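What follows is one structure encoded as structure tokens, with my remarks underneath.
Because the structure is predicted, anything quoted here is derived from the model rather than measured. FYI, side chains are in, hydrogens and waters are out, and symmetry mates aren't considered; it's all heavy atoms of this structure.
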Amino acid sequence: MYKLDHIELPSKHLTCYESVLMTLLKAQGIHEESAFMGTQATFLFSPDAFSISAKVSSVDDNWKRLYGFEINSVSILDEADLQQKLIALLAEGTPVCVPVDLFVLPHTLHHQQLHQHHYVNLFAYENGRFYMVCPYYRYQGWVDAQLIVTGFFSDVVRARATQLITIPPCTRPEIDEEQVNEIIEDNCQTMLNLSSPDSFDPQYVGLVGITTFTNQLQQLAEQEIMHHKDIYVNLSRHATSIGNSRYWLHQLIQNYHPNILSSELGQQFANSTQAWKAVGMQLGMVAHGQRPDIMQRVFSSLQTIQQQETRLFNSLLGVLPTYEQGIL
């Protein structure tokens, strides 16, 4: 049994999925977050879903590629199967990540207001209750088992995947300066449109992708906001997550290759991080406050971001030893 009053919450600079995975790693004694979160800081626009992301690959795939970490998924058939597998895993001391509908969580402002796919951790079961940790909203405590069941079998969760997630025993990854250089180079190549990830159309990637996204967002903004509220809500979260990716890349460099950082480069990271988060806040105001007038601020902010990102990733490319040798 875990000491339930000593579960360490991760940084606030994470998505809900990243935060539950890091909570599981912290439960194993792995506390270094930048090694896991600082490896992807790009820009990708998916026009079909009208979503944006900083990641070329999923967190799961990226960790497996870099560190050989396997994240286990356990499929669930029905309510009885869910209860049985959860209780069995917790009884053997394995904490679990569970997808639930945000709508059922009373500790959030979205309770009974917003249906959205969300993740929480479960650490124990006792007398018809689960000990739940929701690191994204900084909550932990006992909840009725039926709350988890209802949230798990919500339509918004079923639409993606009804699976439990666990992480096998892991060790802290070792990173050297050469690996940091490779991570920086990959991100710079993508952001500066010097290369494009496989299966991604170059017009939706990097600096060019920001331009494409801005143009299509301007077209969307000509329509009624209420018809696309979910898109604006998701874009708000995604923009904040992109800002966080810049924060984590900076942290990774600071922790593992600090000699290439300058105060000017550090300020460029801070400017980009803050600018993306500002866009996230603005889009949230558009969605929740039905404020179409704020969209002009969004477009102005995106123009500024385009300039800041150009400087940031060109500066990053310039500090690489491979760049100085004329390889790039």
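- Summarising the geometry, atom CD belonging to Q189 is positioned 12.5 Å from atom CD1 belonging to I184; distances are rounded to the nearest 0.5 Å.
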Next on the checklist: Evaluate H288 against K229 for side chain to side chain contact (heavy atoms under 4.5 Å, CB included), listing each step before the verdict.
Outcome noted: CA-CA 8 Å; H288 297 296; K229 181 178 178 180; 4.0 Å; yes
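- With S272 as the fixed residue, the side chain to side chain donor-acceptor pair (under 3.5 Å) test singles out one of R311, Q267, E309: E309.
- In this structure, T150 contributes its side chain and Q146 its backbone to a donor-acceptor pair below 3.5 Å.
- At least one side-chain heavy atom of F153 sits under 4.5 Å from a side-chain heavy atom of E79.
- Side-chain atoms of T94 do not come within 3.5 Å of backbone N or O of L90 as any donor-acceptor pair.
- Checking T39 against N62 by side-chain atom types alone, a donor-acceptor pair falls below 3.5 Å.
- The number of heavy atoms from other shown groups lying within 6.0 Å of CD (E92) is above 12.
- A donor-acceptor pair is defined here as one N or O able to donate and one able to accept, closer than 3.5 Å; such a pair exists between the side chain of Q28 and the backbone of C170.
- With hydrogens and angles disregarded, a donor-acceptor distance shorter than 3.5 Å links the side chain of S301 to the backbone of R297.
- Nearest heavy-atom pair, V298 versus Q282, reported as atom, atom and distance to 0.1 Å: CA-OE1, 3.4 Å.
- Between the D101 side chain and the S154 main chain, no donor and acceptor come within less than 3.5 Å of each other.
- Residues passing the salt bridge (Lys or Arg N to Asp or Glu O under 4.0 Å) test with K26 are E8, E33, sequence neighbours excluded.
- With sequence neighbours left out, D81 forms a salt bridge (Lys or Arg N to Asp or Glu O under 4.0 Å) with K85.
- V56 and L192 fall into different hydrophobic clusters, where Ile, Leu, Val, Met, Phe, Trp and Tyr residues are linked whenever their side-chain heavy atoms come under 4.5 Å apart, directly or through other members.
- Remark: L316 CG to I253 CD1 distance equals 5.0 Å, nearest 0.5 Å.
- Side-chain contact between L86 and V98 is present, with heavy atoms from C-beta onward closer than 4.5 Å.
- Side-chain contact between P197 and T190 is present, with at least one heavy-atom pair separated by less than 4.5 Å.
- Listed here is the closest heavy atom pair of S19 and L14: CA-CD1, 3.8 Å.
- In terms of hydrophobic clustering, with Ile, Leu, Val, Met, Phe, Trp and Tyr side chains grouped at heavy-atom distances under 4.5 Å, Y247 and L252 are assigned to a common cluster.
- Formation of a donor-acceptor pair under 3.5 Å by the W63 side chain with backbone atoms of F36 is found in this model.
- A donor-acceptor contact shorter than 3.5 Å is absent between the side chain of T23 and the backbone of L9.
- Within the model, atoms CD of Q203 and CG of N215 stand 10.5 Å from one another, a figure rounded to the nearest 0.5 Å.
- If you chain together hydrophobic residues whose side chains sit under 4.5 Å apart, L312 and V208 never meet in one group.
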Checklist entry - Step by step, would you call E18 with K55 a salt bridge (Lys or Arg N to Asp or Glu O under 4.0 Å)? => result CA-CA 12 Å; E18 293 166 346; K55 294 178 173 56; 2.8 Å; yes
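- When every heavy atom of G38 is checked against every heavy atom of I183, the shortest pair comes out as O-CG2, 4.0 Å.
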Checklist entry - When you look at L317 and L194, which way does the side chain to side chain contact (heavy atoms under 4.5 Å, CB included) test go after all the steps? => result CA-CA 11 Å; L317 196 62; L194 300 174; 4.0 Å; yes
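- Both I242 and I231 are assigned to one and the same hydrophobic cluster, defined by single-linkage of ILVMFWY side chains at heavy-atom distances under 4.5 Å.
- Sorted by first then second residue, the side chain to side chain donor-acceptor pair (under 3.5 Å) pairs that include residues 204-214, not counting sequence neighbours, are T211-Q306.
- With a 4.5 Å cut-off on side-chain heavy atoms, F213 and Q218 do not count as touching.
- Between Q308 and A275, the shortest heavy-atom distance links the atoms OE1-CB, 3.2 Å.
- Aromatic pair Y17/Y136: centroids not less than 6.0 angstrom apart.
- L105 and Y139 fall within a single hydrophobic cluster, where Ile, Leu, Val, Met, Phe, Trp and Tyr side chains are chained together by heavy-atom contacts under 4.5 Å.
- Closest non-hydrogen pair, T240 versus G280, comes out as OG1-CA, 3.8 Å.
- Under the rule for a salt bridge (Lys or Arg N to Asp or Glu O under 4.0 Å), E177 has no partner lying at least two apart in sequence or in another chain.
- Of the inter-residue distances, the one linking S34 atom OG with Q251 atom CD reads 6.5 Å to the nearest 0.5 angstrom.
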Checklist entry - Do I175 and E32 pass the side chain to side chain contact (heavy atoms under 4.5 Å, CB included) test, and can you show the C-alpha distance, the side-chain angles, and the key distance before you say yes or no? => result CA-CA 11 Å; I175 300 181; E32 171 47 51; over 6 Å; no
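- The shortest distance between side-chain heavy atoms of L21 and P10 does not fall below 4.5 Å.
- Sorted by first and then second residue, the ring-ring contact (aromatic ring centres under 6.0 Å, His included) pairs involving residues 255-275 (not counting sequence neighbours) are H250-F269.
- Note: K12 NZ to N244 CG = 12.5 Å, rounded to the nearest 0.5 Å.
- Taking 4.5 Å as the limit, every side-chain heavy atom of L220 sits out of range of all side-chain heavy atoms of Q216.
- By the salt bridge (Lys or Arg N to Asp or Glu O under 4.0 Å) test, D155 pairs with no residue at all, sequence neighbours left out.
- Shortest non-hydrogen contact noted between S11 and R138 is O-NH1, 3.8 Å.
- Outside the 6.0 Å centre-distance limit, the rings of H228 and F50 are not counted as a close aromatic pair.
- Heavy-atom neighbours of Q303 CD from other residues, nucleotides or ligands within 6.0 Å: at or below the threshold of 12.
- Between the side chain of D61 and the backbone N or O of S57, no donor-acceptor pair lies under 3.5 Å.
- With hydrogens and angles disregarded, a donor-acceptor distance shorter than 3.5 Å links the side chain of N187 to the backbone of A41.
- Going from atom CZ of F313 over to atom CE of M191 covers 5.0 Å, rounded to the nearest 0.5 Å.
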Checklist entry - Would K277 and H13 satisfy side chain to side chain contact (heavy atoms under 4.5 Å, CB included), going step by step from the backbone distance to the final call? => result CA-CA 11 Å; K277 291 188 175 184; H13 300 276; 3.0 Å; yes
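- Side chain of Y67 to backbone of A35: a donor-acceptor contact under 3.5 angstrom is found.
- Annotation for Q223: atom CD counts as buried by contact number, over 12 foreign heavy atoms lying within 6.0 Å.
- Within 6.0 Å of atom CG in L77, more than 12 heavy atoms from other residues, nucleotides or ligands are found, so the atom counts as buried in its surroundings.
- By the 4.5 Å heavy-atom criterion applied to side chains, L207 and T310 are counted as neighbours.
- H118 places a side-chain heavy atom less than 4.5 Å from the side chain of C134.
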Checklist entry - Can W276 and F43 be said to form a ring-ring contact (aromatic ring centres under 6.0 Å, His included), step by step? => result CA-CA 11 Å; W276 278 113; F43 179 89; 5.7 Å; yes
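- Outside the 6.0 Å centre-distance limit, the rings of F123 and F130 are not counted as a close aromatic pair.
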